[in-house]
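Just so you know, ligand 1 is whichever comes first in the structure, and atom 1 is the first atom listed for that ligand.
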Amino acid sequence: MAAAERSLPLRGCHGLAVRALQAHRAIPQGLASGAIPRLASGAGPVRNASGGGFAALAAVPLLSGTSHLHKRRRRPAVFRCAASQVETKLPKPVPVILLSGFLGTGKTTLLRHWLETSTDRVGVVVNDVAAVNIDSKLVQQMTYNREGEVNAIQLQNGCACCSLGDELLVSIYDLIELGTQDKPFSKIVVELSGVAEPQRVKENFDQAKASGYYLANGFELSKVVTLLDASTFCEEYMEYQNILERDDLVDGDVGEMGDCSVVELLVEQAEAANIVVLNKTDLASKEQVEATRAVVKAINKKATVLETSYSKVALDTVLGEVGHAKHEHGGHEHGGHEEHGHDGGHSHASDCNDPECTDESHGHGHSHSHAEDCSDPNCSDASHGHSHSHAEDCDDPNCTDPSHGHSHSHGGKTTAEERFGIASFTYSARRPFSEKRFTEALKKWPVPKHSDLQLMLGDADPDTDHPMATVIRSKGFCWLEQEPSTRIYWSHAGKDMKLSYSGVWWGAMTEQQVKIMERLSPGEYERSQREEWDDECGDRRQELVFIGQRLQEEAIRALLDECLLTDKEMKAYKKRQEGAQGEWGEEMYQAAASPV
Ligand SMILES: Nc1nc2c(ncn2[C@@H]2O[C@H](COP(=O)(O)OP(=O)(O)OP(=O)(O)O)[C@@H](O)[C@H]2O)c(=O)[nH]1
C-alpha cells in the first residue's frame, strides 16, 4: 500500500455501504439493463458504460435548476382538462412525502436511511439551495433498494419559490412517467432544501390539482415530515423571542431582523408538518428534547412528534401515521390524523354551499366547466380556466398559480435571500489543501469539530470574528495533501462540524478498480467524468458549499485559498504521488469481486 494512502475503509467507495453491495447482487440482469425510458431522450445524452441504461438514468440530473425542461414541456392551456374528465382512467395516485427541515437537520440522512431499508421502489426528488447539489451526490449512490429494484432520483437546484412551483411538478410527473415504463414507484419522496417553505409547496400542489393541471395528475400529497435539530431548535426559538422584545433591533437594524426571520422559517416548517421528527437527540440534553417537544406542540398541536438520532425513522411509520396531508381552509380545518375526516361536514359528492370555500375537494356548483376559461377578472379560484397560456409568462405579480408561466422576477435573488437573508456560494479548487494550514484555519472557527481523520481540529483560541462564524451550513468534498486518494466529506450544521471519509476518488483508482466500482455504482463514473473531471486531477477537487446570513464570501475564499498547496508544494506532492496509485485492502477486493 502506498505510504500516503491509508487503508480503504470497507464502508466503500463513494460512501457505498456494504448493505447496498449485497442488495446489488440480488439485481436481476434484465432489470439492470432495462430499456432507456423515453424521458431520457429529453434529458440529454444518456450513455452508460455498464449497459444499465435505466440505472444510469437514475443518476442523471434531469433538472438542474434551469427551466429549460419546464419551458420545453409547457403546453398551452388547451391541454388542460378537468380532473373529473380523466379521473376514472388514472391509476391509483402515488403518495408523495415532502421532507422538510432547516439546514443540516438530517433530511439527507433520513432519505438515505429510507432508500437503504426500503423494499419498494422509491422515486426521489432532491432540491438543494446551492448551485452545487451536494445532497444529490450522496443520494445518487443509493440506486437500488433491498429487492434490487431501481430507484430513480431527480435533481433540482435553486430558487425554492420558483423552482418548487411547476418545476417540482415536472420532476414528479417525470418520475411517474418513468414508473409506467417498469414497476411503478410505491412512493415519491421530495427532499426540500433547508430554506424551503413546505406550506408554499403544499399550496402549489393544491392549486395545480384544483386547476386540473395535467402535471398534477397521478400523485397525491401524502405527508409533510419536518425534521428539527433537538439540540439547537429551542435556543433559536427562544432567541427569536428575545430579539423581538428588543426595540432597538426591531426598529433600527434590518440586518439583525434577518436573524429573526430564520426562526420564522423554523416555525413555518414545524407548522406545516403532519409529522415532526426531533432529530439529533444524541447531541441534546433531556431538557432540550422536552422543551423542543413542548414548543412544537404549541406551534402545531396536531402533528405527531417523534424523537430519534441519525434520522432513524421508518418509512412505514411515516406512511402509516396519518392518512393525508392536512388541508386547512376558511374557518374549518381538515385534520391530519385523528381528526382527519376530510369531510368538513359535507360530502365531496354533494355541493358545498359555503360561498367562501375554495377547497377543491368539496363539490361546488360553479357555473362554468374547468375546461373552459373563466371570464371573471376577479376570480382567484385556481380550479377555473384563466385566459393566458402556460407557454407564455404570466405577468400578474400576485399570481401564485403554478400552472402559469412565471419568469424569475426576484432580481436574481431567491426567496431565501429575500425573506431570510440567506445566501450561498460554492468554493471550488483543483489543488489539495495543506494539512497544516487547513488544520490551523479550522481550529480558530468557533464550532465543535469532529473528524474521522487524524487531524488536530480542537478549537484552541476560537475567533468569534472568524470568516466562517456566520455560516449556518457548509458541506461538500475536500482533498487533503495527506489523503491523496480519499474523498473527504465536510459537513457542518449549526454548532457541529465533521470531516469524514467518503470513499475513494475515481481519479485515484486503477482501471481494474474502476471496473469493479462501476458494477457497484452504475453510471456514477460516467457522471463524474461528465460533471467533475479535470484532465490532470480527475475528480479530485475542493467543492464546498457555504450557506448563511451576511456571508463573508471573500474572506472565506481567501482563507481557503491560503490553505491550498503552493506551486512549489504542488510539485513535491506530484512527485510523491508518482507510482503511488492503486492499492486496495484485501477485504475490499473480496467484497467487490464476488460475482453479481
Ligand atoms: N450527531 C448527529 N449528527 C447527525 C444526526 N443526523 C444527521 N447528522 C449529521 O448532521 C449533518 C447534516 O445531516 P444531513 O442529513 O446532511 O442534513 P440535511 O438536512 O440534509 O442538510 P441540508 O440538505 O444541507 O439542509 C451530517 O453530518 C449528518 O451526519 C444526528 O442525529 N446526530
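Taking any N or O of L283, backbone or side chain, none lies under 3.5 Å from an N or O belonging to ligand 1. Ligand 1 has no N or O atom lying under 3.5 Å from any N or O atom of G101, backbone or side chain. Backbone and side-chain nitrogen or oxygen atoms of T281 are examined, and none is located within less than 3.5 angstrom of a nitrogen or oxygen of ligand 1. Here's the thing with K280: one of its N/O atoms is less than 3.5 angstrom from an N/O atom of ligand 1. At least one N or O atom of D282 sits closer than 3.5 Å to an N or O atom of ligand 1.
Remark: the D229 side chain and the T105 side chain contain no N/O donor-acceptor pair separated by less than 3.5 Å. Side-chain atoms of D561 and Y427 form a donor-acceptor pair, as typed in the model, at a separation below 3.5 Å. Side-chain polar atoms of H113 and S311 form no donor-acceptor pair below 3.5 angstrom.
Salt bridge K286/E290: present, at least one basic N to carboxylate O contact under 4.0 Å. Between E440 and K436 no salt bridge is recorded (no basic side-chain N to carboxylate O distance below 4.0 Å). Salt-bridge formation is detected for the pair E524/R527: a Lys NZ or Arg NE/NH1/NH2 atom is positioned less than 4.0 Å from an Asp or Glu carboxylate oxygen.
Of the residues listed (R487, R540, R541), the one engaging E532 in a salt bridge (charged side-chain N to carboxylate O under 4.0 Å, His left out) is R541, and it is the only one.
Near S309, the atoms of ligand 1 lying under 4.0 angstrom from a non-hydrogen atom of the residue are 31 (O). Those atoms of ligand 1 that come under 4.0 Å of a heavy atom in N279, given as number and element, are 5 (C), 6 (N), 31 (O). Taking every heavy atom of K475 and a limit of under 4.0 angstrom, the matching atoms of ligand 1 come to 22 (P), 23 (O), 24 (O). Every atom of ligand 1 with a heavy atom of T109 under 4.0 Å away is listed here by number and element: 7 (C), 13 (O), 14 (P), 15 (O), 28 (C). Taking a cut-off of under 4.0 Å to the non-hydrogen atoms of E191, the atoms of ligand 1 that pass are 20 (O), 23 (O). Residue contact check: R473 has heavy atoms under 4.0 Å from atoms 12 (C), 14 (P), 16 (O), 17 (O), 21 (O), 22 (P), 24 (O) of ligand 1.
Ring geometry for F205 versus F219: interplanar angle over 60°, hence perpendicular rather than tilted (30 to 60°).
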